[in-house]
A.B. asks: 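Have a look at this one before I ask anything.
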Amino acid sequence: MKNKTCCFTGHRKIPADEVAIIEKRTEEAVINLIGKGYRFFGTGGALGYDTVAATVVLKLKLIYPHIRLILVLPCRDQANLWSNRDREIYENIKRSADKIVYVSEKYTYDCMQKRNRHLVDHSAVCICYLKKSSGGTAYTVDYALKKGLFVFNVASYRRVS
């Protein structure tokens, strides 16, 4: 399954004027992977790029019903402090997902890192939205590269090496 799995990682904030192009680039990358036999697409359920990626996969499931959205969530209470609108989107994504994995029952200091490592450890490819060289996304991309994953950055529309 790992060799047919792609994970996503990215920043929580995407400038409004970039959202449409990031969605389009993500969709193109996912379609390319589907053409190469990828079926499983994992995201961490966070705000920002995780939500964009999940939405793209769910949209593409209408055309490619054999693909699967897997949510790897850091904890059950991840969205407790989110706005009502963001929680509503999150719950809709959860209802539409094919599988949900929780790495922790409750929030812990390292549950986000465990989620990110789980996504990478079970994937062969990582699609990212990376614009900064520090923070959780940069850490996850570095981890993916160390693990030998092919990493594609939709922020720059190129492979990360």
A.B. asks: Going hydrophobic residue to hydrophobic residue with side-chain gaps under 4.5 angstrom, can you get from Leu71 over to Tyr107?
C.D. replies: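 Each belongs to a different hydrophobic cluster.
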A.B. asks: State plainly whether one hydrophobic cluster holds both Val101 and Ile67, where clusters connect Ile, Leu, Val, Met, Phe, Trp and Tyr through side-chain heavy atoms under 4.5 angstrom apart.
C.D. replies: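 Looking at the clustering, Ile67 is in a separate group from Val101.
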A.B. asks: Any chance you could measure Ile22, atom CD1, to Ile14, atom CD1, to the nearest 0.5 Å?
C.D. replies: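 The distance works out to 6.5 Å.
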A.B. asks: For residues His66 and Ile34, determine if any side-chain heavy atom of one lies less than 4.5 Å from a side-chain heavy atom of the other.
C.D. replies: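 Yes; the side chains approach each other to less than 4.5 Å.
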A.B. asks: I need the Thr5 OG1 to Leu149 CG distance, nearest 0.5 Å.
C.D. replies: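 One gets 10.0 Å once the value is rounded to the nearest 0.5 Å.
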A.B. asks: With side-chain contact (heavy atoms from CB on, under 4.5 Å) as the criterion, how do Val125 and Lys36 come out once you've worked through the C-alpha distance, each side chain's angles and the decisive distance to 0.1 Å?
C.D. replies: CA-CA 12 Å; Val125 170; Lys36 293 178 179 180; over 6 Å; no
A.B. asks: Give the cluster check for Leu33 versus Met1: same hydrophobic cluster or not, with ILVMFWY residues linked at side-chain heavy-atom distances below 4.5 Å.
C.D. replies: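 No, Leu33 does not connect to Met1 through the hydrophobic network.
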A.B. asks: Check whether more than 12 heavy atoms from other residues, nucleotides or ligands sit under 6.0 Å from atom CG of Leu81, and answer yes or no.
C.D. replies: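 Open: at most 12 neighbouring heavy atoms sit under 6.0 Å from CG of Leu81.
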A.B. asks: If I take atom SG from residue Cys111 and atom CG from residue Asp77, how far apart are they, to the nearest 0.5 angstrom?
C.D. replies: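 Cys111 atom SG to Asp77 atom CG measures 8.0 Å (nearest 0.5 Å).
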A.B. asks: Do Ile31 and Phe41 sit in one hydrophobic cluster, given that two such residues count as connected whenever their side-chain heavy atoms are within less than 4.5 Å of each other, even indirectly?
C.D. replies: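 Linked within one cluster.
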A.B. asks: Where do Cys7 and Val120 land on the side-chain contact (heavy atoms from CB on, under 4.5 Å) test, with the steps shown first?
C.D. replies: CA-CA 7 Å; Cys7 67; Val120 169; 4.3 Å; yes
A.B. asks: Work out which heavy atom in Lys94 is nearest to a heavy atom in Leu73; give both atom names and the distance.
C.D. replies: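 Of all heavy-atom pairs spanning Lys94 and Leu73, the closest is CD-CD1, 4.2 Å.
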A.B. asks: Donor-acceptor check, side chain of Asp98 to backbone of Leu69, threshold 3.5 angstrom: yes or no?
C.D. replies: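 Judged by distance alone, yes, a pair lies under 3.5 Å.
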A.B. asks: Does Val57 share a hydrophobic cluster with Leu62, counting links as ILVMFWY side-chain heavy atoms below 4.5 Å and allowing steps through other members?
C.D. replies: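 Not linked; separate clusters.
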A.B. asks: Please report the closest heavy-atom contact between Val103 and Pro74, naming both atoms and the distance.
C.D. replies: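 Result for this residue pair: CG2-O, 3.3 Å.
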A.B. asks: When rounded to the nearest 0.5 angstrom, what distance separates NZ in Lys13 from NZ in Lys131?
C.D. replies: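 So the gap between those two atoms works out to 14.0 Å.
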A.B. asks: Give the C-alpha distance, both sets of side-chain angles, the deciding distance and a yes or no for side-chain contact (heavy atoms from CB on, under 4.5 Å) between Tyr143 and Leu119.
C.D. replies: CA-CA 11 Å; Tyr143 182 71; Leu119 283 162; over 6 Å; no
A.B. asks: Using a 3.5 Å distance criterion without hydrogens, assess whether the side chain of Thr137 forms a donor-acceptor pair with backbone atoms of Gly10.
C.D. replies: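 Confirmed, Thr137 side chain pairs with Gly10 backbone.
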A.B. asks: Would Val141 and Asn153 satisfy side-chain contact (heavy atoms from CB on, under 4.5 Å), going step by step from the backbone distance to the final call?
C.D. replies: CA-CA 9 Å; Val141 168; Asn153 188 0; over 6 Å; no
A.B. asks: Does any N or O in the side chain of Arg39 come within less than 3.5 Å of the main-chain N or O of Arg68, such that one atom is a donor and the other an acceptor?
C.D. replies: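 Such a contact is absent between Arg39 side chain and Arg68 backbone.
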A.B. asks: Hey, could you give me the CG/CG distance between Leu58 and Asn92, rounded to the nearest 0.5 Å?
C.D. replies: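 Leu58 atom CG to Asn92 atom CG measures 9.5 Å (nearest 0.5 Å).
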A.B. asks: Is it the case that atom NZ in Lys114 sees more than 12 heavy atoms from other parts of the structure closer than 6.0 Å?
C.D. replies: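 No - once you tally the heavy atoms of other residues, nucleotides and ligands closer than 6.0 Å, there are 12 at most.
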A.B. asks: According to ring pair (Phe, Tyr, Trp, His ring centres under 6.0 Å), does anything in residues 5-40 pair up with another residue at least two apart or in another chain? List the pairs.
C.D. replies: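 Pairs touching residues 5-40 that pass the test: His11-Tyr129.
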A.B. asks: Picking from Thr9, Thr26, Thr43, what satisfies side-chain contact (heavy atoms from CB on, under 4.5 Å) with Tyr49?
C.D. replies: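 The passing option is Thr26.
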A.B. asks: Just jot down the side chain to side chain donor-acceptor pair (under 3.5 Å) partners of Glu27, sequence neighbours excluded, or say none.
C.D. replies: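 Scan of Glu27 (side chain to side chain donor-acceptor pair (under 3.5 Å), adjacent residues dropped) gives Lys59.
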A.B. asks: How far does NE2 of His122 sit from CD1 of Ile70, to the nearest 0.5 angstrom?
C.D. replies: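 Taking NE2 in His122 and CD1 in Ile70, the distance rounds to 9.5 Å.
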A.B. asks: Between Gln78 (side chain only) and Gly45 (backbone N and O only), is there a donor and an acceptor less than 3.5 Å apart?
C.D. replies: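 It does hold such a pair.
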A.B. asks: Under 4.0 Å between a side-chain nitrogen and a carboxylate oxygen: does that hold for Arg87 and Glu91?
C.D. replies: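 Salt bridge absent between Arg87 and Glu91.
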A.B. asks: For Tyr90, enumerate each residue passing the ring pair (Phe, Tyr, Trp, His ring centres under 6.0 Å) test, keeping only those at least two apart in sequence or located in another chain.
C.D. replies: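 Expected list: Trp82.
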